[in-house]
Each structure stands twice: as C-alpha cells, then as structure tokens.
There are 2 protein chains.
Amino acid sequence: MVGRLLPLDPIEEARRQWDQRWPGGATMAAATSIMRAQQIVQASVDEALKPYGLTFARYEALVLLAFSQRGSLPMGKMGERLMIHPTSVTNIVDRLEGQGFVRRRPHERDRRTTLVEITDAGREVMDEATGAVVACRFGLDFLSEAQLDQLTSLIRAVRVGSGEVPA
Amino acid sequence: MVGRLLPLDPIEEARRQWDQRWPGGATMAAATSIMRAQQIVQASVDEALKPYGLTFARYEALVLLAFSQRGSLPMGKMGERLMIHPTSVTNIVDRLEGQGFVRRRPHERDRRTTLVEITDAGREVMDEATGAVVACRFGLDFLSEAQLDQLTSLIRAVRVGSGEVPA
DNA sequence: ACATGATACTTGGACTTCCGACTATCTGTC
DNA sequence: GACAGATAGTCGGAAGTCCAAGTATCATGT
C-alpha cells in the first residue's frame with residue numbers, strides 16, 4: 001500500500017486536532033489556507049518579476065500608475081488603492097524612483113502632497129513584466145475561470161465583512 | 001491597519017482596466033483578493049494576540065508544539081510543518097525562548113539537531129490566546145460554515161497544483 | 001580510516017511591513 | 001485673521017522574511 005505512505009494534508013491534519021479541543025475548526029482551516037495561498041501567489045509572481053528587478057508590491061504600484069489617467073497619483077491615493085500603509089508607499093516609491101521607474105513631483109495647489117509619476121522606463125519595464133506575470137498565471141494555473149471567480153467572490157464577502165468595501 | 005471604506009471595489013476596478021489590455025483578468029482579481037484576504041486574517045489575529053505578546057507566526061509555532069506528541073520538535077521539522085524558512089524558525093524560537101514559552105534542548109543522538117520544547121508557561125499562554133483567536137474568528141466572521149469549506153477546498157486545489165500536497 | 005557530501009542550525013545583511021512620532025501644510029470656525 | 005484640528009508625507013525602530021555563507025555534525029563509499 002504505497003499510496004498510504006504519502007503525507008497527509010497538514011491543514012486537514014491541524015483541523016482534525018483543533019476540532020478535538022476548540023470550536024471553529026473550519027474557520028481555522030480557511031484562515032490557514034488563505035495564509036498559505038498568499039505565500040504561493042507571492043512566490044510565483046516574485047519569481048516571474050525577478051528578472052525585471054521588481055517585487056509584486058512595486059509592480060502593483062507601477063500598474064496602478066500606468067492605469068491612472070495622467071500617469072501620476074498622490075502618494076496617499078496610491079496607498080488607498082493598493083491598500084497599504086503610508087510608510088510602505090514611501091518605501092516603494094523610494095525604490096522605484098531609485099530604479100528610474102517613477103519620479104516625485106510637487107502638487108501645484110497643495111504643497112503637502114507629492115505626486116508620483118511613472119516614467120517611460122517605468123512603462124516599458126511594466127509592459128515586459130506583465131508578460132511574465134500573465135505567463136506565470138499568479139500561481140493559480142490549476143483553477144478554472146469559474147473557480148477563480150468563486151474565490152474572488154468568497155473573499156469579497158470577507159472584505160465586505162471587514163468594512164473595506166461596500167456591499 | 002489600512003481598512004477604510006472605499007467608493008468602489010478597487011479589485012473590480014483593477015480587473016476592468018486589466019481586461020482592456022491583457023488576458024487573465026479573472027486570475028489577477030483572484031490573486032489580488034488572496035493577497036488582501038491574507039492581510040485581513042493576519043491583522044485580525046495579530047490584534048487578538050497582542051495582549052498576550054504573541055504574533056500569528058509565534059502562536060502557530062506554539063500550537064504546533066502543543067499538538068506534537070512529546071511537546072517538542074526539531075527546528076527543521078517545525079519549519080517544514082509551518083512552511084517557513086529555517087532562518088525564520090531561528091528567529092521565532094529566539095523570541096519565544098526569550099519570552100519563556102519554549103526552550104531549546106539538545107538531541108540525544110544527533111548533536112546537529114536542536115529540539116524545541118514548549119514550557120508550562122507556553123502551554124498556558126497558548127490556551128488563553130486560543131480563546132481570543134477563536135473569538136475573533138480569524139477575521140472571517142461573515143462567512144458561513146459552507147463558505148469556509150468552499151474557500152478551503154478551492155485553495156486546496158491551488159496547493160495541490162503547487163505540488164505542496166498530494167491530490 | 002578518511003575524504004566527500006549531505007544535513008542542521010546560526011549569523012549577517014538586505015528588504016518589506018507596520019507603528020509611533022514628527023514636520024509641514026491646509027481648512028474650517030470663531 | 002488666527003488658531004485648533006485634520007491631512008500629507010517622512011523618519012526611526014521593531015518584527016518578520018529570505019538569501020548567502022559559515023560552522024558543526026552525521027552518513028557514505030572506498
């Protein structure tokens with residue numbers, strides 16, 4: 001019986017033990033699954049982006065800027081859209097600016113705000129990197145279109161619950 | 001935390017723009033959703049664990065040790081089960097040891113191996129902390145039992161695809 | 001016996017993230 | 001007009017992650 005020698009799913013194993021002591025084993029299993037899924041997606045995309053000197057976070061920032069109407073956004077707006085902390089925006093923009101993919105510009109009316117503008121080099125690397133990201137399929141190659149939408153929809157319920165997005 | 005109410009769902013907005021240029025918008029939306037879900041779970045659990053001086057990562061390590069037969073495991077085995085880098089295990093055990101929740105012990109046969117053993121204080125704080133974690137429901141309060149299982153099952157397909165777990 | 005390679009853990013460094021505190025600037029109210 | 005409070009961004013520090021390299025120990029083959 002070689003098949004029986006294969007290791008068990010560690011998450012199912014943890015759930016089995018959890019259920020013997022505490023309530024909410026299904027919740028624990030789902031939470032652990034989400035943590036693990038994030039690692040898989042992150043590793044897959046970071047691997048695809050490595051040749052371009054980008055991380056997932058910096059790549060997302062470039063895509064956001066490229067999508068924006070004027071090719072520039074205030075730092076705070078970026079953090080809002082990317083759902084990251086203001087200090088993380090500072091860090092990301094520092095590095096992208098060092099790589100020549102974005103530049104900081106002063107806002108004409110409000111001297112508190114700093115606009116971040118994508119450069120031609122930034123658009124170029126973003127275009128090339130996107131090919132690699134699409135090719136790696138975000139590490140989600142084994143899900144069908146329907147399963148992808150199901151996953152997105154389930155997580156939207158979580159995000160609605162957290163108050164992040166309206167129902 | 002970054003949680004704020006936004007006028008539109010930024011993920012749906014990004015998907016709309018993505019679909020105008022590149023293939024795989026559903027994959028991008030699912031990947032982004034997973035990244036965001038992880039942040040929500042992490043923030044929720046870290047918040048619940050703060051009064052006990054624990055992070056999610058350290059809490060998971062304590063639970064793993066408490067679940068183990070002898071209450072102790074080699075460092076490498078911990079990293080394997082928790083799916084984290086060996087240096088992260090060193091870091092986590094350093095801090096847990098500093099808090100008095102675990103202790104390092106030499107392996108009797110293999111002097112390369114370091115066993116990590118949970119202490120009485122470790123079991124105690126783990127028990128109390130688990131109450132808080134169960135109460136916060138891992139930030140997944142708005143999902144039904146069926147939805148939780150659906151989520152776990154979908155992500156299991158991802159994990160199978162990544163080769164982490166057998167079909 | 002002993003050389004070679006594998007294994008177990010640690011160290012130092014780079015990177016990312018968050019929090020708290022800080023400066024600079026704008027806005028609304030009296 | 002002035003001032004209290006809100007807002008925008010940055011800095012320093014803590015925590016966590018990974019990688020590359022290093023030390024110590026074990027296992028294997030001749």
Side-chain angles (χ1 to χ4, degrees), chain A residues 35-36 38-47 49-50 53-61 72-99 102-117, chain B residues 1-4 35-36 38-47 49-50 52-62 72-99 102-117:
Chain A
M35 302 297 286
R36 185 58 193 144
Q38 186 268 347
Q39 288 183 319
I40 291 172
V41 171
Q42 175 98 45
S44 172
V45 177
D46 277 347
E47 178 68 25
L49 288 174
K50 196 186 294 180
L54 292 174
T55 62
F56 197 3
R58 274 178 274 163
Y59 170 74
E60 280 187 301
S72 71
L73 283 173
M75 308 267 297
K77 213 72 178 173
M78 289 180 64
E80 203 174 290
R81 296 281 186 83
L82 297 172
M83 292 173 281
I84 56 179
H85 198 273
T87 53
S88 299
V89 180
T90 297
N91 186 310
I92 287 172
V93 171
D94 279 352
R95 306 207 180 264
L96 286 175
E97 193 167 32
Q99 293 175 293
V102 306
R103 71 172 71 89
R104 280 176 164 92
R105 301 176 62 82
H107 191 287
E108 292 171 3
R109 301 165 159 246
D110 190 338
R111 275 179 298 177
R112 292 173 303 180
T113 76
T114 300
L115 290 173
V116 183
E117 185 178 62
Chain B
M1 229 6 255
V2 190
R4 306 203 4 213
M35 302 296 287
R36 185 60 193 142
Q38 185 269 346
Q39 289 183 318
I40 291 172
V41 171
Q42 175 97 41
S44 173
V45 176
D46 278 347
E47 179 67 25
L49 289 173
K50 196 186 293 181
Y52 306 96
L54 291 173
T55 63
F56 197 3
R58 274 178 276 163
Y59 170 74
E60 279 188 302
L62 280 185
S72 69
L73 284 173
M75 307 268 295
K77 211 74 178 169
M78 290 180 64
E80 204 174 291
R81 296 283 186 81
L82 298 172
M83 291 173 280
I84 56 179
H85 198 273
T87 54
S88 297
V89 179
T90 297
N91 187 317
I92 286 171
V93 171
D94 279 352
R95 296 186 194 280
L96 286 174
E97 193 167 33
Q99 293 176 293
V102 306
R103 72 172 71 90
R104 282 176 163 90
R105 300 179 64 83
H107 192 286
E108 290 171 4
R109 301 169 158 242
D110 189 339
R111 278 178 295 176
R112 294 172 301 181
T113 302
T114 299
L115 290 174
V116 183
E117 186 178 61

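Convention: sequence-line order gives letters A, B, ...; per-chain numbering from 1.
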Handout entry: A:Asp110 CG to C:dA24 C1', straight-line distance once rounded to whole Å
Key = 10 Å
Problem - Under-4.0 Å side-chain N/O to phosphate OP1/OP2 contact, A:Arg104 with D:dA8 - result: no
Exercise for the section: Answer with base, sugar-phosphate or nothing: what part of the nucleic acid does A:Thr113 contact at a heavy-atom distance below 4.0 Å? Expected result: sugar-phosphate
Problem - Closest listed nucleotide, where the reference is the side chain of A:Met75 and the choices are D:dT25, D:dT7, D:dT10 - result: D:dT10
Problem - Spacing between A:Glu80 atom CD and D:dT7 atom P, to the nearest angstrom - result: 11 Å
Fill in the blank from the handout: Result for 5'-nearest mapping on DNA chain D, choosing between A:Gln39 and A:Arg112, is A:Arg112
Practice task
Figure out the CD/C1' separation between B:Glu108 and D:dT25, and round it to whole Å.
Solution key: 17 Å
Practice task
Establish whether the base of D:dT25 is bridged to the side chain of B:Arg111 by a donor-acceptor pair shorter than 3.5 Å.
Solution key: no
Handout entry: Salt bridge flag under 4.0 Å for residues A:Arg58 and A:Asp94
Key = no
Problem - B:Glu117 side chain to B:Arg105 backbone, donor-acceptor under 3.5 Å - result: no
Exercise for the section: Using a 4.0 Å heavy-atom cut-off across all strands, classify A:Thr90 as base, sugar-phosphate, or nothing. Expected result: base
Exercise for the section: Report the distance from atom CG of A:Asp94 to atom C1' of C:dA14, rounded to the nearest whole Å. Expected result: 15 Å
Completion exercise
Of A:Arg58 and B:Leu115, the one whose closest nucleotide on DNA chain C sits nearer the 5' end is B:Leu115
Problem - Value in whole Å for how far the P atom of D:dG16 lies from CG of B:Leu82 - result: 13 Å
Fill in the blank from the handout: Checking D:dC18, C:dC18, C:dC9 against the side chain of B:Pro74 (C-beta onward), the nearest is C:dC9
Exercise for the section: Give a yes/no answer on whether the side chain of A:Arg95 brings an N or O atom under 4.0 Å of OP1 or OP2 in C:dT16. Expected result: yes
Fill in the blank from the handout: Result for side chain to side chain contact (heavy atoms under 4.5 Å, CB included) between B:His85 and one of B:Leu82, B:Thr87, B:Val89 points to B:Thr87
Practice task
Using a 4.0 Å heavy-atom cut-off across all strands, classify A:Thr87 as base, sugar-phosphate, or nothing.
Solution key: base
Handout entry: For the student: nearest non-hydrogen atoms of B:Ala57 and B:Ile92, plus distance
Key = CB-CD1, 3.9 Å
Handout entry: Value in whole Å for how far the P atom of D:dT17 lies from CE of B:Met83
Key = 13 Å
Handout entry: Value in whole Å for how far the P atom of C:dA14 lies from CG of A:Asn91
Key = 15 Å
Problem - Where B:Met35 and A:Gln38 come nearest, the two heavy atoms and their spacing - result: CE-NE2, 3.5 Å
Problem - Contact summary for A:Tyr59 and A:Leu49, nearest pair of heavy atoms - result: CB-CD1, 3.5 Å
Exercise for the section: Report yes if at least one side-chain N or O of A:Arg109 is closer than 4.0 Å to OP1 or OP2 of D:dA8; otherwise report no. Expected result: no
Exercise for the section: Return the value, rounded to whole Å, for the distance between atom NZ of A:Lys77 and atom P of D:dG9. Expected result: 11 Å
Problem - Side-chain N or O of A:Ser88 closer than 4.0 Å to phosphate OP1/OP2 of C:dC18 - result: yes
Practice task
Compare side-chain N and O positions of A:His107 against OP1 and OP2 of D:dA8 and report whether any pair is under 4.0 Å apart.
Solution key: no
